[in-house]
Amino acid sequence: MQEIRMAIIGHGFMGHEDEKMLLNFPGIRLMGFSDIDPKQLEDVAPGLKRYQSNEELLADPEVDVVIIAANNNQHHKLVCQAARAGKDIICEKPVAMTVAELDDMIRVVEECGVRFTVHQQRRFDPDFRTAKAVYDSGTLGDVYMIKTGLYGFNGNMHDWHVYIKEGGGMLFDWGVHLLDQMLWMMPGVKIKQVFADLRNVINFEVDDYLTIFYTDIVGIAPVVVSAIMMGARIWDAVNDPMMGAIAERTRSRLGRFRPWIAFGCPFLAIFSVLTFTNPFGGNTTAGVAWAAVIYIIAGMLYTLVNIPYGALAAVMTEDTDQRNKITTSRNIGMNLGMVIVNSCSAGLMLKFSEAGSEVATASGYTTTAIIYAVISIPLFLLVFATAKEVVKPHGEIRKFSFKETVGNLVKNRYLMVITLVMVLQMTAFMGRIAVTSFYVIYCLGSFTMISLIMTIPSIGAIIGSFFAPALAKKIGTRNALMSTMILQAIGLIVMYLAPFDNLTMVLVGDWIFGIFNVGFAYSLSMVADSVDYMEWKTGVRTDGTAYATYGLATKFGNAFGGSIGVLLLAGFGYVANAEQTPQALAGINTVVNLIPAILFILSALACLLWNKSDKDMEALREEVKNRHSK
């Protein structure tokens, strides 16, 4: 048998794998490697050539066959070059980025008279070979459906694979394996219909990263993880008002709320890192206990820092315009932070995972958590150093009473109004986030659009926030909140009415929704006004507990909206892993766009219960000042 002499373009992950296999493969002589990055050639096995360029490799007369193991978007160019150099070619999958590229590659290799094939190594996976053997035996009888999929975080790609431009995305990188396996299992079968359900396995909420860490890395059962997180939310209902009451009763030369931020942030950072550790393992009682205790403590520390942070706007100034500017700045920072974290987290986790890992490992999660924790501490301390508490309570410190605390909150009409507004607003906003991917995948028919559709509201909010204080100053905070929510509803209605193939109309609606996504800043300012109202009415100032109530409304809306959306999809006829009926598609559109629009309108109408203008609130604050000056 004549020896086949092979050389490989690309010494990355697949290049290394091919090298290990071919070095001792009978009848194959591996000649060497080329790579655009010289560092990649440093660990090439002794005795193999290290070509200085792809051109040098292709010009080597001793090379019979070239293996293309470079980035996916380089396959077209390299295959054509190798064909014109007279080399037979084996190309890693996906063979090309477009059908047009593949057609051109076939044309060139035919013109040059060389042989050309694609490396589909997943045909030899033991689990697949077993399934194919059963299928070939006829034991199953007539087969009407074969379902294949890649589930969980282990399907996430790494390095350049993540980028559509270089790797082609999940469908190109992993989907071709699944398609090839099915086609090879059923040779000669006429394909009538193809359906695929692709979803983003990582959402942009911290708890979602933590959920994946608990289930995929630690090994805790999903039902146990759900119980831990649900228990923590129940405890929040008790813990948040208690922390608010403690903070507002604090008296120190540094203020009531600022000391908690400075004191709490290092501990919050430590326990945020500890949540991404587990020294015991998820299949042990100790491992579950560690996860539960650390998660609940981290949540309590978050409450300890976040409630005082939220209350600062009410105690830094009594001027409505200044409060709107403070809360708007917070909204800009929040959305900008989300964009940064969304962009960096997956890459950081993979960067700090074990060498050669295709998915994030425990060390990647923990190291990324450490990075964010280290960054957070000076930012919290910067808030502590620059914020000044100028609104101070009068009178003696009241002894804490849970009953009295709850009673004061319920008696505060305007706090109850803004709480109702927030529940409706958060249910609409967070509920929509939970199901938007269904709309993009099934209605718009484009998995790759998920990132764009989901990111526009954050970018729009950053843009809109720059104009939010001026709008509130012009028409009043309540009216500004009502107006922006109605305009958000209009944006969603535009998306609801848009034909699924009219992408321009969809994006216009999404931008309208995003640019007016500034209502949360107004609602925070109105919480401060409700605190002033309570002080005017009762003489008691409840900054901390008021913001704790606001926070609970946010958490309730988040939890309720996120869970009810999926249930509504099922009610409209959505079936997972199936082609959706017209009724189901209309239902998805209704759940994602129309129902949230209705909730935003109801939230705007609820604002009518707030019957005091900014001038009225200024008058109340002036009256309180006069009382204290006597």
Go through the steps to decide whether V218 and F280 satisfy the test side-chain contact (heavy atoms from CB on, under 4.5 Å), and finish with yes or no. CA-CA 9 Å; V218 180; F280 303 104; over 6 Å; no

Could you give me the CA-CA distance, side-chain angles and deciding distance for T284 and W290, then say whether side-chain contact (heavy atoms from CB on, under 4.5 Å) is met? CA-CA 10 Å; T284 65; W290 172 276; over 6 Å; no

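The salt bridge (Lys or Arg N to Asp or Glu O under 4.0 Å) contacts involving residues 301-317 comprise nothing, where partners must be two or more places apart or lie in separate chains. For residues 259-276, the side-chain hydrogen bond (donor to acceptor under 3.5 Å, both in side chains) pairs, not counting sequence neighbours, are T250-W260.
When the side-chain hydrogen bond (donor to acceptor under 3.5 Å, both in side chains) test is applied to S465, the partners found at least two apart in sequence or on another chain are N331. Partners of W610 according to the ring pair (Phe, Tyr, Trp, His ring centres under 6.0 Å) rule, which considers only residues two or more places apart in sequence or in another chain, are Y414. Residues that satisfy the side-chain hydrogen bond (donor to acceptor under 3.5 Å, both in side chains) test with T368, not counting sequence neighbours, are absent from this structure.
To the nearest 0.5 Å, the span separating OG1 on T367 from CG on L348 amounts to 9.5 Å. We find the CG-CG distance between D529 and L524 to be 11.5 Å, quoted to the nearest 0.5 Å. A distance of 8.5 Å separates CZ of F516 from CG of L471, quoted to the nearest 0.5 Å.
Between M316 and K388 there is no side-chain heavy-atom pair separated by less than 4.5 Å. Side-chain atoms of D532 and L620, non-hydrogen and from C-beta on, never get closer than 4.5 Å to each other. Between F600 and R432, the closest side-chain pair of non-hydrogen atoms is not below 4.5 Å. Contact of the V518 side chain with the L481 side chain is not registered, since no non-hydrogen atoms from C-beta on lie closer than 4.5 Å. Contact check for L274 versus I297: no side-chain heavy atoms found under the 4.5 Å cut-off. Side-chain contact between R478 and D614 is absent, with no heavy atoms from C-beta onward closer than 4.5 Å. Counting only heavy atoms from C-beta outward, the side chains of F384 and L254 approach each other to under 4.5 Å. L415 places none of its side-chain heavy atoms less than 4.5 Å from the side chain of M534.
The two residues A428 and P596 have their closest heavy-atom pair at CB-O, 3.7 Å. Across all non-hydrogen atoms, the minimal contact from I475 to S483 is CD1-OG, 3.8 Å. Taking all atoms of both residues into account, the shortest heavy-atom contact from F271 to L301 is CD1-CD1, 3.5 Å. Across every non-hydrogen atom of A468 and T328, the tightest pair is CB-OG1, 3.9 Å. Looking at every heavy atom in both residues, D510 comes nearest to P457 through OD1-CG, 4.0 Å. In plain terms, the two heavy atoms of C607 and M485 that are nearest each other are SG-CE, 3.8 Å.
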Would you mind writing out the side-chain donor-acceptor pairs for residues 304-314 within the sub-3.5 Å range, not counting sequence neighbours?
none

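For the pair E618 and R621, the salt-bridge criterion is met [side-chain N within less than 4.0 Å of a carboxylate O].
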